[in-house]
Amino acid sequence: QVQLVESGGGLVQAGGSLRLSCAASGRTFSSYAMGWFRQAPGKEREFVAAISWRGGTTLYADSVKGRFTITRDNAKNTVYLQMNSLKPEDTAIYYCAAALRWSSPLEGHEYDYWGQGTQVTVSS
């Protein structure tokens, strides 16, 4: 079992930055690929970014490429999402997720564990 707890969300003006953190319980954090997803009101959950077990491979949604950076610190059992140049359309609840596989990291159904989410609101 892995428990995930996100933090770092909040209210920020357009053009600003936030860094989200996701702390994982357990001693097997490095066995999991990690992903960030988001869900805006009235919209479906969408993929944001993913990182492989040791951080050697990262993937990004086109909408955040060049603005967001996903990293992980396996010694701290934590994955981060640095979000720069934020836009109002980035407003959503952001969720981190853990997956034992790396077969389809863009697909939410591939992930085994999910956090409770953290709200990010970007004002114009």
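Quick note: numbers below take in every heavy atom, side chains included, and nothing from hydrogens, waters or symmetry partners. Every value quoted in this text rests on a predicted model; they were computed, and no experiment measured them. Along the sequence shown, the residues carry numbers beginning at 1.
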Can the positive tip of R72 be found less than 6.0 Å from the middle of the six-membered ring of Y32, inside 45° of the ring normal? no

Cation over ring face, R38 and Y95, 6.0 Å, 45°: no

Which heavy atom of [X] sits nearest to which heavy atom of [Y], and what is that distance?
X   : Y    : answer
N74 : N77  : O-OD1, 3.1 Å
F29 : D73  : CE2-O, 4.1 Å
L59 : P105 : CD1-CG, 3.4 Å
S17 : S85  : OG-N, 4.3 Å
V79 : T71  : CG2-O, 3.1 Å
A23 : T78  : CA-OG1, 4.1 Å

Answer yes or no: does atom NZ of K43 have more than 12 heavy-atom neighbours from other residues, nucleotides or ligands under 6.0 Å? no

Neighbour count above 12 (heavy atom, 6.0 Å) for Q3 CD: no

According to a 4.5 Å side-chain heavy-atom criterion applied to Ile, Leu, Val, Met, Phe, Trp and Tyr, with indirect links allowed, do [X] and [Y] form part of one hydrophobic cluster?
X    : Y    : value
V12  : W36  : yes
Y94  : Y80  : no
L100 : Y111 : no

Spacing of Q39 atom CD and I93 atom CD1 [to the nearest 0.5 Å]: 7.0 Å

OG1/T57 to CD1/I51 distance, rounded to the nearest 0.5 angstrom? 9.0 Å

[X] side chain to [Y] main-chain N or O, any donor-acceptor pair under 3.5 Å?
X    : Y    : value
W53  : S30  : no
T118 : G9   : yes
E6   : Q116 : yes

Would you check if the distance from the ring center of W114 to the ring center of F37 is below 6.0 Å? yes

Please walk me through it: do F47 and E107 pass side chain to side chain contact (heavy atoms under 4.5 Å, CB included)? CA-CA 7 Å; F47 169 79; E107 302 296 332; over 6 Å; no

Is the shortest side-chain N to carboxylate O distance from K87 to D90 below 4.0 Å? no

